[in-house]
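Heads up, the thing below is written out as C-alpha cells.
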Amino acid sequence: QVVLNDNAEALGNSMFEGCTALKTITLPSNLTHLGKTTFKGSGITSIVIPDGVTHISDKSGSPAGTGVSVYVFQNCKQLESVTLPANLQTMGQYVFAGCSKLATVTYTSGTEEGNSLPQTLTLVGNYAFQNCTSLTNMKLPGVTTAGTYLFSGCTALQTVNIPMATSIGSSAFKSCTSLVEVTLSDDASVTLGASAFSGCTLLSQINLASVKSVGANCFENCKMLATAELSNATSVGNSAFAGCTALTTVCLLYTSPSP
C-alpha cells in the first residue's frame with residue numbers, strides 16, 4: 001500500500017511501472033496529472049482518480065488526442081475497479097488496454113446503473129479499453145470521438161450506449177464476440193470506421209438511421225444482424241456487410257436522378 005502526500009499535483013512517468021506487489025494506493029486530492037506509464041503493469045486492484053484530473057494525457061493540463069500515448073494503467077492485470085473524475089474531458093490511448101479483470105468503470109457522483117464514463121468526457125483515445133475482457137457493458141454519454149480499436153477484443157462486452165458519437169474509429173469494437181446491442185445517436189451525423197464492428201458475431205440490434213458513412217468491412221461477419229436501416233448513408237465501403245448471413249432487410253438512401 002502507498003499513501004502519497006496530499007499536496008502532490010503530478011505523478012512522474014513510470015513511477016510505479018511493473019510494481020506487481022502494489023495492490024492499493026490513495027492518490028492525492030490535489031492531483032491534476034497522472035503521468036505516462038505511471039502504473040503500467042502494476043498489481044493495483046482498484047483506483048480512484050481525483051476530480052482535479054481533467055485530461056488523462058501526456059502533458060499536464062493538455063487535452064489528449066486519439067493518438068496521444070499515455071499507457072498509464074496498461075496491462076494492470078489485477079485491476080478490477082476504476083472511479084474516474086466527474087469532470088474528465090479527454091483520455092489518450094492505451095489507458096486501460098489489457099486490464100483483463102477490469103469489470104467496473106464509474107465516476108465520482110455517478111448514479112447510473114452499470115458502467116459509465118462521465119458526461120463531460122468527449123474524446124477517448126485509440127486502444128483505451130482494448131482487451132478488457134471482463135467488461136460487460138458501457139455507457140459513453142458524452143463521447144463524440146471514439147478512437148480506433150477502442151474496445152476491440154472485449155469479448156464479454158454485451159451492450160454499448162454511445163448516443164453522442166459522430167466518429168467511431170476503425171476496429172473500435174472489432175471481435176467483441178458477445179456484443180448484442182449498440183445504441184448510437186438518433187440525430188447526429190455518424191461516421192463508422194473500417195471494421196468498426198467486424199467479427200461481432202452476436203450483434204443484432206444497432207440503430208443506423210443517423211449514420212452518414214460506413215467504412216469497409218464495418219459489419220463483416222456480424223452473423224446475427226438481420227436489418228440495416230441506412231436511410232441517410234451517403235457512403236458504404238467495400239465488404240461492409242460481408243458474411244452477414246442473417247441479413248434480410250437493407251434500407252439505403254434514395255436520391256432522385258437528375259432531370
Check whether any side-chain N or O of [X] sits under 3.5 Å from a backbone N or O of [Y] as a donor-acceptor pair, and report yes or no.
X      : Y      : answer
Asn30  : Ala8   : no
Lys139 : Glu113 : yes
Asn75  : Lys40  : no
Ser57  : Ser62  : yes
Lys59  : Gly35  : no
Asn13  : Thr38  : no
Thr234 : Lys212 : yes
Thr155 : Thr177 : no
Ser116 : Glu112 : no

Listed by chain and number, what are the ring pair (Phe, Tyr, Trp, His ring centres under 6.0 Å) partners of Tyr71, not counting sequence neighbours?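 Only Tyr94 meet the ring pair (Phe, Tyr, Trp, His ring centres under 6.0 Å) criterion with Tyr71.
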Nearest 0.5 Å, please: how far is [atom2] in [Y] from [atom1] in [X]?
X      : Y      : atom1 : atom2 : value
Tyr107 : Gln119 : OH    : CD    : 7.0 Å
Thr148 : Ile168 : OG1   : CD1   : 12.5 Å
Asp51  : Thr108 : CG    : OG1   : 3.5 Å
Cys76  : Leu102 : SG    : CG    : 10.0 Å
Leu184 : Asn207 : CG    : CG    : 5.0 Å
Thr45  : Glu80  : OG1   : CD    : 6.5 Å

Are the side chains of [Y] and [X] in contact, using a 4.5 Å heavy-atom criterion?
X      : Y      : value
Val211 : Asn232 : no
Cys99  : Cys132 : yes
Leu117 : Val124 : yes
Asn126 : Tyr149 : no
Val72  : Ile56  : yes
Leu4   : Ile25  : yes
Ile206 : Thr183 : no
Leu31  : Leu11  : yes

Applying the 4.5 Å side-chain criterion to the ILVMFWY set and letting contacts propagate, would [X] and [Y] be lumped into a single cluster?
X      : Y      : answer
Leu208 : Leu247 : yes
Phe129 : Val160 : yes
Val105 : Ile49  : yes
Leu121 : Met164 : no
Met138 : Leu123 : no

With a 3.5 Å cut-off and sequence neighbours excluded, list the donor-acceptor pairs that the side chains of residues 214-227 form with protein atoms.
residue, atom, partner, partner atom, Å
Asn217, ND2, Glu220, OE1, 3.2

Any side-chain donor paired with an acceptor under 3.5 Å for [X] and [Y]?
X      : Y      : answer
Thr37  : Ser14  : yes
Lys23  : Gln1   : no
Thr120 : Gln89  : no
Ser152 : Gln130 : yes
Asp6   : Ser29  : yes
Asn137 : Thr159 : no

Could you go through the side chain to side chain contact (heavy atoms under 4.5 Å, CB included) check for Leu135 and Asn115 one step at a time? CA-CA 8 Å; Leu135 282 176; Asn115 296 319; 3.7 Å; yes
Shortest non-hydrogen contact between [X] and [Y], atoms and distance:
X      : Y      : answer
Ser109 : Ala86  : OG-CB, 4.1 Å
Ala64  : Gly92  : CB-N, 3.5 Å
Ser185 : Ser210 : O-OG, 2.5 Å
Ala196 : Gly169 : CB-O, 3.9 Å
Ser100 : Ser134 : O-OG, 2.7 Å
Thr133 : Ala156 : O-CB, 3.2 Å

Yes or no on side chain to side chain contact (heavy atoms under 4.5 Å, CB included) for Leu203 and Val180, after CA distance, side-chain angles and deciding distance? CA-CA 4 Å; Leu203 181 63; Val180 174; over 6 Å; no
Give the intermediate values and the outcome of side chain to side chain contact (heavy atoms under 4.5 Å, CB included) for residues Ile47 and Leu27. CA-CA 8 Å; Ile47 195 75; Leu27 297 179; 3.9 Å; yes
Other residues, nucleotides and ligands only: do more than 12 of their heavy atoms fall within 6.0 Å of CG on Asn238?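 Open: at most 12 neighbouring heavy atoms sit under 6.0 Å from CG of Asn238.
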Given Phe151, which partner from the list Phe96, Phe197, Phe173, Tyr127 fulfils the ring-ring contact (aromatic ring centres under 6.0 Å, His included) test?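 Looking at Phe96, Phe197, Phe173, Tyr127, the match for Phe151 under the ring-ring contact (aromatic ring centres under 6.0 Å, His included) is Phe173.
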Please walk me through it: do Cys176 and Cys200 pass side chain to side chain contact (heavy atoms under 4.5 Å, CB included)? CA-CA 5 Å; Cys176 290; Cys200 295; 4.0 Å; yes
